[in-house]
Structure formats: C-alpha cells, structure tokens
Protein chains: 2
Amino acid sequence: MADKKPIPILMERLARILLNDSHAGGLKPTQWEALRYLSRANRFSRSPGAVTAYLGVTKGTVSQTLSALERKGLITKATDQADRRGVQINLTRQGAKMLQHDPAISIETATRQMTAIDRAQLSASLEGVVLRLLRDRGGRPFGACKTCRHFKKSAPKGAPHFCTLLGEPLTASDSQAICVEQENAA
Amino acid sequence: MADKKPIPILMERLARILLNDSHAGGLKPTQWEALRYLSRANRFSRSPGAVTAYLGVTKGTVSQTLSALERKGLITKATDQADRRGVQINLTRQGAKMLQHDPAISIETATRQMTAIDRAQLSASLEGVVLRLLRDRGGRPFGACKTCRHFKKSAPKGAPHFCTLLGEPLTASDSQAICVEQENAA
DNA sequence: CCTATTAGTATCGAATCGAAACCAATAGGA
DNA sequence: TCCTATTGGTTTCGATTCGATACTAATAGG
C-alpha cells in the first residue's frame with residue numbers, strides 16, 4: 001500500500017491544477033472566480049466590496065477584474081441608489097451562459113466518482129479546514145443567507161423572509177444565495 | 001445543521017486562500033511552489049523540465065521563476081555533465097532555510113486539529129481526486145521513488161538501491177524523494 | 001458645516017502566464 | 001560522416017494579476 005500523502009501537498013497540487021485550468025475558456029483565473037461568486041451572491045452581496053472580501057485581494061485588483069468582466073459584457077454595473085458611493089453588479093444573460101463553460105466543472109466531475117458517504121465526509125473536512133483558515137485571517141464565511149442569525153423566516157406563509165441586520169425583505173432566491181453579512185446562527 | 005457545502009466551491013476557496021497567503025514571506029506563489037518541489041525531488045528530478053511537468057505551466061514561466069530563485073541565492077544551476085543540454089538544480093543552504101518560513105505551513109496547522117482517522121480519510125479522498133485530475137490531463141503523479149515500478153530494492157543489505165529505468169544507483173534519500181519518472185508499481 | 005470614514009477608481013511596478021521564436025546539444029538515420 | 005528531427009532551456013512579447021499608494025466622491029457624525 002502506498003504511504004499516506006501529506007494533506008498540504010495534495011491541496012497545493014489541487015490548487016495548482018485549478019489555477020492552470022482557469023486560464024482556459026476566454027477568462028482569467030480571477031475573472032472566473034469573480035463571475036462564479038457573483039452568480040451565487042444575493043443582491044446585498046453583488047458589489048465590488050463584497051467581491052473584495054470574498055476573494056481576499058485588494059480593492060484595486062477587484063476593480064480591474066470587474067472592469068474586464070463589464071468590458072466583455074458579462075456583468076453590468078450601476079450606482080446603488082440607496083448609497084450612491086456603492087455599485088450594484090448584475091450578471092448579464094451572457095455572463096450566466098459563460099458559466100456553463102467554467103473550466104472548474106472538471107472538479108465536480110472528478111468527485112462524482114466517489115460514494116455519497118465519502119463525498120459528505122470530504123465536504124465536512126474541507127469545510128472545517130476552510131472555516132478555520134478564514135477565521136484565522138479574519139475573513140467572512142459567506143454562508144447561505146438563510147443560515148444566518150439575522151435571517152427571520154416569513155411568519156405568514158407566502159410572505160417574504162426578512163433580514164434583521166439590513167432591515168430588508170428577502171426573496172426566496174436571496175435567502176438561498178450567499179451573503180457577505182452572513183454569520184452562522186448560534 | 002448547516003447544509004453540505006459543494007466540494008468544488010470549498011476547494012476553490014481553499015485554493016484562493018493558499019494563493020493569497022503565498023504572496024508573503026518574500027517570494028511569489030509560483031516561486032514558493034518551485035522551491036517546495038525542489039526540496040522534495042530526487043536528483044533526477046531537479047531540472048527545469050521536471051519542474052515544468054510538476055507545475056503544469058510552460059517552460060518559459062519555469063525558466064523565469066528559476067532565474068528569480070537563483071538571483072535570490074536560494075538555488076544553484078549547473079549544466080548536467082551527462083547531457084549538456086540539461087540543467088541540474090540544487091537548493092542552497094539559504095533555500096532550505098527559506099522553506100522554514102513557507103506561508104503554506106498554516107495549512108498543515110489547520111489540519112492538525114482533525115482526528116488521525118479524519119486526516120487519513122481526507123488524504124485518501126484528496127489523493128483520489130488529484131490522481132484522477134492528473135490522469136485526465138496527462139500529468140505525472142510524482143510519487144516517491146521507492147514506490148515506482150522501476151525501483152529495485154538493494155539485494156545485499158547496505159548496498160544502494162537501483163533504478164532500472166535510468167540504470168543508476170539510488171541513495172536512501174533519492175529513493176525517499178519524489179521523482180518525475182515515478183510510475184506506481186503494478 | 002467640517003472632519004472622518006467608506007466605496008470605488010486610477011496608477012505603478014513586479015510577477016505570472018501562454019505563445020512563439022530561438023539556440024544548442026543529442027539522437028537517429030541515410 | 002552528414003543531415004535532419006527532437007529535446008532541454010532561454011528569451012521576448014503582451015495581457016493579467018497583484019499589493020501598495022494616492023486619489024475622488026458620497027456619507028456619517030459631531
């Protein structure tokens with residue numbers, strides 16, 4: 001039997017494969033990451049600042065990356081009417097379509113071979129490591145809105161849910177999506 | 001209980017954390033990766049070509065990266081006497097010392113919290129995914145020399161081991177290290 | 001109002017990357 | 001022995017990424 005391989009080395013090789021793959025498909029690695037994030041973020045989280053927090057890079061880099069995505073017609077930018085310093089980002093139809101050619105899909109394919117048990121175990125282990133690393137770095141978890149301690153489930157069935165932090169109603173899709181502000185419910 | 005998070009997304013976030021961390025400590029991400037590889041490779045595998053195969057980037061990028069490491073005094077380059085096209089790379093004392101400040105050590109730290117069972121499981125799952133991805137891409141596994149089908153264990157105790165592919169004797173440290181040519185024994 | 005803070009943008013220089021051109025040593029015939 | 005093909009590396013190019021820093025504009029808080 002082969003020796004147990006060190007986890008850090010396996011993770012580094014995985015990261016490298018992911019990085020190399022991400023040069024394909026007409027976008028650059030960071031552009032793919034930003035586009036992917038924007039497709040999964042709720043409306044409070046589709047801003048340059050949120051992308052910055054998610055990626056953990058500087059504002060300048062994000063600003064350039066988003067400009068590139070806008071130039072390619074994959075996203076639109078509009079000044080936030082509530083706070084006119086802010087910028088609201090939305091995916092265009094082309095942007096959504098582009099994600100179907102996301103080179104990172106191969107990771108998904110590679111894990112589909114595992115048993116459901118193994119996948120669940122792997123997901124849990126990775127999540128533990130990621131959350132620990134994020135915590136050490138003061139980063140946000142970016143969990144699903146509906147798992148947040150500020151999430152108030154709609155009382156009358158059919159009514160919108162509610163965010164007690166932002167004081168805003170939440171559509172069904174907002175509450176499924178990930179959020180900058182998310183903090184795990186106690 | 002929180003939902004099971006998608007494995008690809010967790011892996012991408014991990015890769016991003018790793019990439020961001022790797023800008024610290026005086027080297028750049030690719031420089032760290034190359035240096036790390038060179039510290040773990042046996043003498044047949046410390047060449048620009050092997051680094052190219054390991055990282056999966058182009059020759060040009062590797063050439064530049066190695067020049068930078070040489071300029072910083074972390075490695076030495078010498079033309080291979082057997083095949084004078086080739087270049088033999090070795091870590092300097094400074095290079096070895098530099099690795100003690102490898103920012104990727106935090107990954108190691110983060111996994112130390114897990115139980116030994118979970119770590120073994122995680123290592124096995126990751127290895128499966130990495131090997132599958134590498135195979136799809138025509139990449140080499142870079143396993144330990146002694147696990148290779150060309151590895152011939154020393155018959156008289158104390159004598160050197162032997163590589164039947166390259167026709168060369170192997171020191172103990174050579175056979176522990178990783179090798180470009182490694183192919184898993186049947 | 002006046003200052004501090006916050007959200008983004010713009011600019012700079014170094015590193016990274018793929019692509020392509022290039023060079024020198026080796027290999028493999030004819 | 002030549003002659004060509006291949007192989008191992010380097011060089012150069014242009015786009016992207018990135019941290020750092022300086023900057024602009026809108027909001028917030030006395």
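So that the names make sense, note that chain A is the first sequence line, chain B the second, and so on, each numbered from 1. As a basis for the values below, the full set of heavy atoms in this structure was taken, side chains included, without hydrogen atoms, waters or symmetry mates.
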Expected rows: protein N/O vs nucleotides 2-7 of chain C N/O, under 3.5 Å:
unit_1: dT6(C); atom_1: O2; unit_2: R85(A); atom_2: NH1; d: 2.9

Tell me what [X] touches on the nucleic acid: a base, only sugar-phosphate, or nothing, going by heavy atoms under 4.0 Å.
X	result
T30(A)	sugar-phosphate
R16(A)	sugar-phosphate
Q31(B)	sugar-phosphate
L19(A)	sugar-phosphate

Polar contact flag, side-chain donor to acceptor under 3.5 angstrom, Q182(A)-N184(A): yes
Residue R84(B), side-chain atoms from C-beta onward, closest of dC18(D), dC17(C), dT26(C): dT26(C)
Pairwise 5' ranking along DNA chain D for K28(A) and Q81(A), keeping only the more 5' one: K28(A)
Position toward the 5' end of DNA chain D (nearest nucleotide), P29(A) or G60(A): P29(A)
Salt-bridge criterion met for R16(A) and E12(A) (N-O under 4.0 Å): no
Value in whole Å for how far the C1' atom of dC12(C) lies from CD of Q64(A): 10 Å
Side-chain (T92(A)) to main-chain (L74(A)) donor-acceptor, under 3.5 angstrom: yes
Phosphate OP1/OP2 of dG19(D): any T58(A) side-chain N/O under 4.0 Å: yes
